[in-house]
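Note sheet for the following structure.
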Amino acid sequence: MLTLKTIEEKLAAYRPGAMLGDHFLNPDLLPAPPYRDAAVLITLLDRGDDLSVVFTQRTSHLHAHAGQVSFPGGGREPQDESAVQTALREAQEEIGLDPSCVRVLGELDEYITRTGFRVRPVVGYVAAVPEWNPDPFEVEEIFDVPLAYLCTPGHLCRQRVEREGAVREFYACNWQKFHIWGATAGMMRHFLDIVMDEKPAERTA
């Protein structure tokens, strides 16, 4: 089982510098620059016997990524001085998470989405389960997945799907009624690779 101490040590030693994205598995999905800067918060929630990871399901009426599972986050605003500020602000706006309750543990490599966002994942720890206050326009549901489940081989792995008339490869994971895939699953997989010292060959289905 991954402990908070192990995660802190791995992230403290890690130095982001790569540009990841869905194009790693599907080269034709790399959009042309310029990219819009964004950030997401990978929230590690203390559930007592284990850590869990917080996700949201977006509402079905949104123009972008409607109904999909995502991390709290969004585009960088002019007042944001860093990716950390963007991630914390968006998490507060989307799910009501007080920034003062979040202990930032580190940042991951940038992730380019096929929709043209350059996303910086920020990892944070929350010591107690907060009272969520979701934005009803953006967030349909808030849920968390045990970290032990996400770490289990075969649960978060590469899958082939047919989308838009072409066979694509994405990371994906099923949890209860939720399907986590695409950029969100890719960023989660990268986080696990860092803290578990895994190699790509060890994470295929």
Below 4.0 angstrom, N of the basic side chain to O of the carboxylate: do Arg47 and Asp144 qualify? yes
Exercise. Given Thr184 and Ser70, is the side chain to side chain donor-acceptor pair (under 3.5 Å) satisfied, shown in steps?
Worked result: CA-CA 6 Å; Thr184 299; Ser70 65; 5.3 Å; no
query = Are the side chains of Leu150 and Cys173 in touch, meaning some heavy atoms are under 4.5 Å apart?
reply = yes
Between the CD atom in Glu90 and the CD atom in Gln92, the distance rounded to the nearest 0.5 Å is 10.5 Å
Does any part of the side chain of Cys151, heavy atoms only, come nearer than 4.5 Å to the side chain of Leu192, both counted from C-beta?
yes
Salt bridge (Lys or Arg N to Asp or Glu O under 4.0 Å) filter on Glu141, not counting sequence neighbours, yields Lys177
- Task: Measure the shortest side-chain to side-chain distance between Asn26 and Glu169 over non-hydrogen atoms and say whether it is less than 4.5 angstrom.
- Result: yes
Whether the side chain of Arg103 engages the backbone of Ser100 through a donor-acceptor N/O pair (distance < 3.5 Å, no angle test) should be reported.
no
Any side-chain heavy-atom pair from Pro130 and Leu45 closer than 4.5 angstrom?
yes
Between the main-chain N or O of His155 and the side-chain N or O of Thr152, is there a donor-acceptor pair closer than 3.5 Å? no
d(Tyr125 OH, Ile7 CD1) to nearest 0.5 Å is 10.0 Å
For Arg76, the salt bridge (Lys or Arg N to Asp or Glu O under 4.0 Å) test, sequence neighbours excluded, returns none
* Asked: Can you get from Leu147 to Ile194 by hopping between Ile, Leu, Val, Met, Phe, Trp and Tyr side chains that sit under 4.5 Å apart?
  -> yes
- Query: Can you check whether Tyr35 reaches Ile112 side chain to side chain, under 4.5 Å on heavy atoms?
  - Reply: yes
Are more than 12 heavy atoms from other residues, nucleotides or ligands located less than 6.0 Å from atom CD of Glu81?
no
Handout entry: Ring centroid separation Trp181 to Tyr171 under 6.0 Å
Key = no
Check your understanding: Would you say Val104 and Val123 make side-chain contact, with heavy atoms under 4.5 Å?
Key -> no
Linking I/L/V/M/F/W/Y whenever any side-chain heavy atoms sit under 4.5 Å apart, do Phe117 and Met19 land together? no
Taking the side chain as every heavy atom from C-beta outward, state whether Val195 and Leu2 have any atom pair closer than 4.5 Å. yes
- prompt: Is there a chain of hydrophobic side chains (I, L, V, M, F, W, Y, each step under 4.5 Å between heavy atoms) that links Phe24 to Tyr14?
  reply: yes
Around atom CD of Gln176, are there more than 12 heavy atoms of other residues, nucleotides or ligands at under 6.0 Å?
-> yes
Besides Val167, the hydrophobic cluster formed by Ile, Leu, Val, Met, Phe, Trp and Tyr side chains linked at under 4.5 Å, directly or via other members, contains none
For residues 17-36, the salt bridge (Lys or Arg N to Asp or Glu O under 4.0 Å) pairs (sequence neighbours left out) are Asp28-Arg168
Show your reasoning for whether side-chain contact (heavy atoms from CB on, under 4.5 Å) applies to Asp46 and Val126.
CA-CA 6 Å; Asp46 196 326; Val126 176; over 6 Å; no
Same cluster or not: Met187 versus Leu29, using hydrophobic residues (I, L, V, M, F, W, Y) connected whenever any side-chain heavy atoms lie under 4.5 Å apart? no
Could you walk me through whether Tyr111 and Val40 satisfy the side-chain contact (heavy atoms from CB on, under 4.5 Å) test, starting with their C-alpha distance in whole Å, then the side-chain angles of each, then the deciding distance to 0.1 Å, before giving a yes or no?
CA-CA 10 Å; Tyr111 194 102; Val40 298; over 6 Å; no
By salt bridge (Lys or Arg N to Asp or Glu O under 4.0 Å), Asp49 pairs with (sequence neighbours left out) none
Under the 3.5 angstrom rule, does the side chain of Asp80 hit a backbone N or O of Glu77 as a donor-acceptor pair? yes
When rounded to the nearest 0.5 Å, the distance separating CG of Leu25 from CZ of Arg160 is 10.5 Å
*Determine, step by step, whether Leu44 and Val53 satisfy the side-chain contact (heavy atoms from CB on, under 4.5 Å) criterion, reporting the C-alpha distance in whole Å, the side-chain angles of both residues, the deciding distance to 0.1 Å, and the verdict.*
CA-CA 5 Å; Leu44 302 179; Val53 182; 3.9 Å; yes
*asked:* If hydrophobic clusters are built from ILVMFWY residues whose side chains come within less than 4.5 Å, do Met196 and Leu51 share one?
replied: yes
Interatomic distance, CD@Glu107 vs CD1@Ile42, rounded to 0.5 Å, equals 11.0 Å
Note to self: Quick one, Val139 with Arg58, criterion side-chain contact (heavy atoms from CB on, under 4.5 Å). Give me CA distance, side-chain angles, the key distance, then yes/no.
What the structure shows: CA-CA 5 Å; Val139 178; Arg58 295 166 62 82; over 6 Å; no
Between Phe178 and Phe55, is the ring centre distance below 6.0 Å? no
Separation between CG (Leu4) and CD (Glu9), nearest 0.5 Å, reads 10.0 Å
With heavy-atom distances below 4.5 Å as the criterion, would you say the side chains of Thr43 and Phe71 are in contact?
no
The salt bridge (Lys or Arg N to Asp or Glu O under 4.0 Å) partners of Glu93 (sequence neighbours excluded) come to Arg89
Item to complete: Go through the steps for Arg120 and Asp109 under the test salt bridge (Lys or Arg N to Asp or Glu O under 4.0 Å), then give the verdict.
Response: CA-CA 6 Å; Arg120 174 70 74 179; Asp109 296 288; 5.3 Å; no
OG1 (Thr59) and CD (Glu138) are apart, to the nearest 0.5 Å, by 7.0 Å
